Amino acid sequence: MPQKILIVEDDISFGQMLQNFFQKNDWHSEVCPTAKDAKAKIKAHNFDVVLSDLRLPDSNGIDLLAEIKSLNSNTPVILMTGYAEVGTAVAAMKRGANDYISKPFTPDEILMVVTQCLQSPLINGVTKKKTGLNTKSLVINKEPILKGIDEKSQKLQEYIQLVAPTNMSVLITGESGTGKEVTAKAIHENSNRNNKNFIAVDCGAIPKELATSEFFGHLKGSFTGAIQDKIGHFEAANGGTLFLDEIGNLSYENQIQLLRAIQERKIKRVGSTEEVAIDVRIISATNEDLQEAVLKNSFREDLYHRLNEFSIEIPPLNERFEDLMLFAEHFLEKANTELNKDIKGFSKEVVGLFQRYNWPGNLRELKNVIKRSVLLSTGNFIELAALPKEVVEQNDNADNTTNVFSKSNYEKERILKALKQTNFNKSKAAELLQITRKTLYNKINHYNLNL
């Protein structure tokens, strides 16, 4: 019998996309837009999991969480939030949330979070296998990795094949959206650790106060909100690969803890005196200049050298345009599968526009643009009308002026536009730009934006 999930999301189209995704993965899923509707459904039916947005039109996810637990304390609840603030995480844990996940997230990630939630202890009164994985840890299933044909992409593949069989720590650099996690995954899958877990951790999304628990785990009752034992990322990746994305966002204190774990190859869970031996390969990634951070004393030099036994720089998409339509076709195929569509390809006008556009968001932007266009398209091909306004407008502006495009000017304009849209709330602006708040502050300083 299919397991049942209730999705509480006021964004109707996003809620429907989640519903369709879970149904395609053999779940019985229902969607409702308000807390009131959710409570009515929970009273009338039993659900294996409730997945709720944090911000609802008539309430919020934390209050709804408390009401769900009062109705049935065994019902697992996962909160979705675009803010990932410390207060939100702690408040959710205190109220008994089983997990929380930061938007945007991938379909594979949300499916993994929900699946692991059901494998936690004492679900429906039955003790089940405990894995310790959570929203910030993702075991990525093996799938073919698309290889580019551009000269720079070929060089990237050579480096991956060269370093993968070793145990060297690898530091991957490159702009946001270039595919740093995909590269890390390729290294793992071409290594002798490929039969063990690949754990991906977004360091920018981990609150400083929870980082020790996230990395090393904790014992039940070791701090407020620790409602059960939990293994951390290091133990979850034992024997395999731990991928630390946005490593530059870790606080100095957390850097010290990370360095000690890497050096000693041992960790202690919060609240425990027992040392646990770990065998983990570290791959880290950043879109920041860590050497400059070392000079500014915001990143430890000894940790930098530990992480950077071998470095790989991923070129931006606008430097490997030979790969553009290859990746576009790949993302079209994936979008067709996820959205249950059958779009055949791209019109000549769209291909021309894609080749003129600068793709400041790199592969992530290309993927998002294509997925959105597939959703909006009704014919056999993606036409200009299905593309986002900003993509079309940038090309129009470029055609009317000059083909020379300043990426830095465009990035400054995007930052200023996001800040204005959010009334200069930097946390919300960073979310809109799909970067961390620390990265936003760095870019504001870099461009001397006096705000």
Side-chain angles (χ1 to χ4, degrees), residues 106-109 111-112 131 133 136-203 215 233-247 258 261-262 265 278-287 290 304-317 319-320 322-324 326-331 333-334 337 362-364 366-367:
T106 66
D108 285 342
E109 184 174 4
L111 184 61
M112 179 61 67
T131 64
L133 301 180
K136 304 305 181 300
S137 297
L138 175 60
V139 180
I140 299 182
N141 296 323
K142 294 184 179 181
E143 61 179 41
I145 296 172
L146 185 65
K147 298 179 181 180
I149 58 175
D150 185 272
E151 182 179 350
K152 291 187 177 182
S153 296
Q154 292 294 317
K155 179 62 70 175
L156 175 62
Q157 292 301 321
E158 288 178 19
Y159 284 159
I160 291 172
Q161 295 295 331
L162 179 67
V163 77
T166 75
N167 278 320
M168 296 174 71
S169 297
V170 181
L171 177 62
I172 304 172
T173 60
E175 298 177 6
S176 293
T178 49
K180 294 188 285 294
E181 184 170 335
V182 173
T183 300
K185 177 185 175 184
I187 293 171
H188 172 75
E189 292 189 351
N190 284 276
S191 74
N192 57 8
R193 296 174 177 265
N194 59 11
N195 62 335
K196 300 292 185 178
N197 285 342
F198 174 92
I199 303 296
V201 183
D202 182 357
C203 295
F215 280 123
H233 302 308
F234 272 85
E235 283 189 81
N238 204 8
T241 302
L242 181 61
F243 174 56
L244 304 175
D245 197 10
E246 301 300 344
I247 187 69
L258 181 62
I262 294 173
R265 299 290 173 176
I278 46 101
D279 170 27
V280 174
R281 183 184 192 172
I282 303 292
I283 301 178
S284 51
T286 181
N287 61 7
L290 286 190
Y304 171 74
H305 290 301
R306 281 280 180 179
L307 299 174
N308 191 26
E309 291 181 335
F310 188 89
S311 62
I312 294 177
E313 182 177 3
I314 305 180
L317 184 56
E319 291 183 9
R320 42 176 176 159
E322 284 186 59
D323 294 336
L324 176 63
L326 182 69
F327 283 116
E329 293 289 347
H330 173 69
F331 291 142
E333 182 180 346
K334 292 192 71 172
T337 301
N362 293 294
L363 290 173
R364 183 183 296 126
L366 177 64
K367 179 181 179 180

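One is the number of the first residue; the rest follow in order along the sequence. Scope of the values below: all heavy atoms of this structure, side chains included, with no hydrogens, waters or symmetry mates. Quick caveat: nothing in here was measured; it's all calculated off a predicted structure.
Residues that satisfy the side-chain hydrogen bond (donor to acceptor under 3.5 Å, both in side chains) test with N192, not counting sequence neighbours, are absent from this structure. Residues passing the side-chain contact (heavy atoms from CB on, under 4.5 Å) test with D245, sequence neighbours excluded: K180, F243, A285. Partners of Q161 by side-chain contact (heavy atoms from CB on, under 4.5 Å), not counting sequence neighbours, listed by chain and number: K147, N190. Taking E313 as the reference, T173 meet the side-chain contact (heavy atoms from CB on, under 4.5 Å) condition, with sequence neighbours excluded. Partners of T241 according to the side-chain hydrogen bond (donor to acceptor under 3.5 Å, both in side chains) rule, which considers only residues two or more places apart in sequence or in another chain, are H188. With sequence neighbours excluded, no residue satisfies salt bridge (charged side-chain N to carboxylate O under 4.0 Å, His left out) with R281. Annotation: side-chain hydrogen bond (donor to acceptor under 3.5 Å, both in side chains) contacts of E151 (sequence neighbours excluded): none. For E319, the salt bridge (charged side-chain N to carboxylate O under 4.0 Å, His left out) partners are K152, not counting sequence neighbours. In this view, D323 and S153 satisfy the side-chain hydrogen bond (donor to acceptor under 3.5 Å, both in side chains) rule, not counting sequence neighbours.
The shortest non-hydrogen separation linking R193 to N167 is NE-OD1, 3.1 Å. For the pair A328 and L366, the tightest heavy-atom approach, listed with the atom from each and the gap, is N-CD2, 4.0 Å. Closest heavy-atom contact between L307 and S284: CB-OG, 3.7 Å.
Within 6.0 Å of the CD atom in E333, the count of heavy atoms belonging to other residues, nucleotides or ligands does not exceed 12. Atom CZ of F310 has more than 12 heavy atoms from other residues, nucleotides or ligands within 6.0 Å.
With contacts defined as side-chain heavy-atom distances shorter than 4.5 Å, the pair F215/C203 qualifies. A 4.5 Å side-chain heavy-atom check between I199 and F234 finds every atom pair outside the cut-off.
Taking the charged nitrogens against the carboxylate oxygens, D279 and K196 have no contact shorter than 4.0 Å, which rules out a salt bridge.
Using a distance-only test at 3.5 Å, with no hydrogens or angles considered, no donor-acceptor pair links the side chain of T178 to the main chain of G174. Remark: the backbone N or O of N308 is not paired with any side-chain donor or acceptor of S311 at under 3.5 angstrom. Under the 3.5 Å distance criterion, the side-chain polar atoms of N238 are left unmatched by any main-chain donor or acceptor of I278.
Note that CD1 of I283 is 7.5 Å distant from OG of S191, once rounded to the nearest 0.5 Å. To the nearest 0.5 Å, the span separating CG on N287 from CG on L290 amounts to 9.5 Å. Note that CZ of R320 is 5.0 Å distant from CZ of F327, once rounded to the nearest 0.5 Å. Rounded to the nearest 0.5 Å, atoms OG (S169) and CG (L244) are 9.5 Å apart. Distance CG/L363 to NE2/H330: 9.5 Å, rounded to 0.5 Å. Put simply, CD1 on I282 and CG on L242 are 4.5 Å apart, with the number rounded to the nearest 0.5 Å.
Within the structure, salt bridge (Lys or Arg N to Asp or Glu O under 4.0 Å) pairs that include any residue of residues 155-166 comprise K155-E158 (at least two apart or interchain).
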Would you please test N362 and E175 for side chain to side chain donor-acceptor pair (under 3.5 Å) and show each step? CA-CA 8 Å; N362 293 294; E175 298 177 6; 3.1 Å; yes
